[in-house]
Protein chains: 2
Amino acid sequence: MQRDGSDDTRRGRPTAVTRADVARHVGTSTAVVSYVINNGPRPVAAETREKVLRAIAELGYRPNRLAQALRGQRSHVIGLVLPDISNPFYAELARVIEAVADARGYSLILCNTRQDSAREIAYIRALVDRRVDGVLLISGSTSHELQALAREMEVPAVLLDRSVNYSGDISLVATDNLTGGRIATEHLIGLGHRRVVALTGPARLGNSRARGYETAMREADLAPELHHSAEFDFESTYALAMTLLSEAPPTAIFAGNDIAALSVLRAAADLRIAMPGELAVVGYDNIKEAAFSIPRLTTMDHPIDTLGAVAVEVLLERMDAAADASAPMRLVTPRLVVRESCGAAR
Amino acid sequence: MQRDGSDDTRRGRPTAVTRADVARHVGTSTAVVSYVINNGPRPVAAETREKVLRAIAELGYRPNRLAQALRGQRSHVIGLVLPDISNPFYAELARVIEAVADARGYSLILCNTRQDSAREIAYIRALVDRRVDGVLLISGSTSHELQALAREMEVPAVLLDRSVNYSGDISLVATDNLTGGRIATEHLIGLGHRRVVALTGPARLGNSRARGYETAMREADLAPELHHSAEFDFESTYALAMTLLSEAPPTAIFAGNDIAALSVLRAAADLRIAMPGELAVVGYDNIKEAAFSIPRLTTMDHPIDTLGAVAVEVLLERMDAAADASAPMRLVTPRLVVRESCGAAR
DNA sequence: TTGAAAGCGCTACCAG
DNA sequence: CTGGTAGCGCTTTCAA
């Protein structure tokens with residue numbers, strides 16, 4: 001009888017063929033099968049290798065990744081922790097990260113924190129318990145909370161897209177939001193606007209974009225005026241835009257992200273404020289929708305592909321490096337995309 | 001010395017505390033520790049239990065989920081396979097699925113197939129090799145290709161949002177797209193439109209929405225007119241909308257999804273076609289953006305929350321059921337959301 | 001070049 | 001009620 005010691009009547013799953021079956025089939029040891037599969041760590045006679053490969057194909061053997069992970073040092077899984085997968089910017093980022101990870105043979109565990117820093121910690125614990133090889137973290141937390149996170153982080157990690165002032169041993173990959181905020185604001189100022197207000201996200205978040213805005217305003221001897229929405233979603237930003245535009249409409253708005261900018265477009269339409277005639281807006285992120293809105297949005301573009309790819313690369317690097325290696329940090333510069341929402345550039 | 005037999009100098013990860021450490025600390029066996037953690041399968045004296053719990057807290061012990069999964073029957077991971085996470089509809093679905101799964105103690109492995117059915121199969125293999133407990137599949141494949149998929153599928157699975165005519169043992173949870181397509185079209189016809197064309201996705205996809213459209217048209221003695229875009233994204237649908245609207249503009253368009261509908265809005269604006277005056281559009285999916293576009297989109301709403309939650313529930317049910325249990329199937333009915341893109345309802 | 005065997009951390013059975 | 005222990009499928013060392 002071929003069916004060996006499966007006295008255990010596991011019903012449900014079809015009884016999987018294991019490495020031992022292959023070994024028996026060939027008449028060799030399980031070790032050799034391992035060597036063949038992993039190309040090492042020891043050489044195998046060409047002939048034996050052939051036989052093993054044939055048996056693998058014949059029996060349809062596929063290694064149990066769980067067992068490999070338990071025994072070996074690598075699970076080939078990385079965790080992706082982000083604030084809100086339904087935000088197109090994060091979704092886009094997730095898309096490229098998943099693609100790069102897949103190309104490198106890694107699976108991705110998706111953790112959607114819903115902007116809750118307690119959940120961030122819980123997720124990171126769970127990921128560590130699952131022995132992920134690394135964590136990609138797009139945090140919604142303050143710098144302070146990040147310290148607590150770093151403490152839970154017992155695996156290599158890369159902090160993505162949040163240029164907080166953090167000096168732990170978590171690597172950082174981000175676009176330079178400070179410069180981005182400044183570029184956007186300078187564009188508006190350069191167009192002749194004097195009263196340009198910033199419509200940004202929850203105050204609790206450290207916000208480099210807003211600081212870039214403030215810098216630009218001060219340098220032009222203009223008074224910064226920051227408005228915070230409760231959340232960074234359509235509902236909140238639309239509500240804020242409505243009150244702002246109906247009470248004391250500025251001539252220009254710097255929106256902290258494109259969702260907010262799109263909300264401003266909507267609010268302006270509701271209030272019969274002509275755009276870009278009476279109101280100029282620049283957004284941030286250059287999500288897909290920004291190129292198809294009415295009017296099309298002028299916005300700051302992150303090279304999302306680069307950002308995601310670099311993040312994965314840096315993470316893989318760190319996973320291979322010694323634990324005490326220094327945490328690299330990469331900033332990539334955003335780029336202004338001029339479309340219609342500010343009127344024609346002069 | 002507290003630090004026991006870690007002669008193995010694993011650098012990198014901090015040496016994890018295991019169940020054996022806890023047992024030794026308490027002066028009991030590892031089995032008892034297991035019984036405490038899992039509340040079974042055998043009872044433990046209240047006093048012993050206390051001691052164990054204290055030791056666990058003291059040592060900061062946390063079970064290795066990998067080992068649990070290898071040994072036990074459950075990995076508490078489910079795979080989510082979908083065509084495009086950067087499509088807001090899928091992203092939204094992913095959001096609720098992740099939330100429900102998390103609440104039930106399951107992690108989610110994200111697999112983004114980029115509309116490639118070969119990749120679908122590869123992903124499913126990888127998921128099986130990782131011993132996921134189940135798979136949630138939002139397929140971009142034809143019914144035919146699904147047969148091949150089903151063959152790879154050695155774990156419980158639920159097919160989501162694709163009401164293909166498939167009678168395997170994969171459960172199905174979907175909105176009734178046939179009815180949805182009909183409702184949308186009837187709305188347009190009811191508004192007095194005679195030439196209403198459908199702008200839908202790639203022809204390769206079986207498309208119940210389009211069939212619903214055709215049904216409604218025929219019932220009203222109108223000639224159906226289907227246009228397929230190369231892909232179901234902004235670029236493709238916008239290109240199609242531009243040619244359609246500049247060559248032989250109909251008075252009404254049924255768009256196969258909201259991305260396409262948004263593209264139509266954009267194309268109409270570019271062509272100076274007044275909306276909803278000269279052109280009515282109804283979309284499908286009711287993505288967030290649909291409520292904030294200009295004009296706001298009339299569209300078919302799936303109850304995404306329900307859909308996602310039901311899908312997870314059904315999957316969990318199937319995971320607990322015997323392997324030969326029948327595959328349940330649930331259809332939920334979509335709902336027309338009337339906004340501005342068709343003009344005022346009469 | 002290969003076989004045998006230890007052991008990753010855990011669960012659950014056999015015996016007390 | 002609990003200790004001892006086999007074994008999940010795999011990798012890698014020790015010894016031939």
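Chain identifiers are assigned alphabetically (A, B, ...) following the order of the sequence lines, protein sequences preceding nucleic acid strands; residue numbering begins at 1 within each chain.
Look at A:R74 and A:D320 and you find a salt bridge, because one of the NZ, NE, NH1 or NH2 atoms lies within 4.0 Å of a carboxylate O, short of that distance.
When the options B:N112, B:T113, B:L80 are evaluated for a side-chain contact (heavy atoms from CB on, under 4.5 Å) with B:I85, the one that passes is B:N112.
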Test side-chain contact (heavy atoms from CB on, under 4.5 Å) on B:S139 and B:V81 and set out the steps. CA-CA 7 Å; B:S139 177; B:V81 181; over 6 Å; no

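Side-chain N/O atoms of B:T28 include one lying less than 4.0 angstrom from OP1 or OP2 on D:dG3. Distances shorter than 4.0 Å separate some side-chain N or O of B:T48 from OP1 or OP2 on D:dT2.
As rounded to whole Å, 12 Å separates atom C1' of D:dG7 from atom CG of A:L70. To the nearest angstrom, C1' of C:dT1 lies 13 Å from CZ of A:R49. Rounded to whole Å, atom P of C:dG9 lies 17 Å from atom CZ of A:R130.
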Treating primed atoms plus P, OP1 and OP2 as sugar-phosphate and everything else as base, which nucleotides of nucleotides 10-16 of chain D get B, S or - for protein heavy atoms under 4.0 Å? BBBBBB-

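Looking at A:R95 and B:N87, their side chains never bring a donor and an acceptor atom within 3.5 Å of each other. Side chains of A:R130 and A:S75: no donor on one and acceptor on the other come within 3.5 Å.
Partners of B:S34 under the side-chain contact (heavy atoms from CB on, under 4.5 Å) rule, at least two apart in sequence or in another chain, are B:R19, B:N38.
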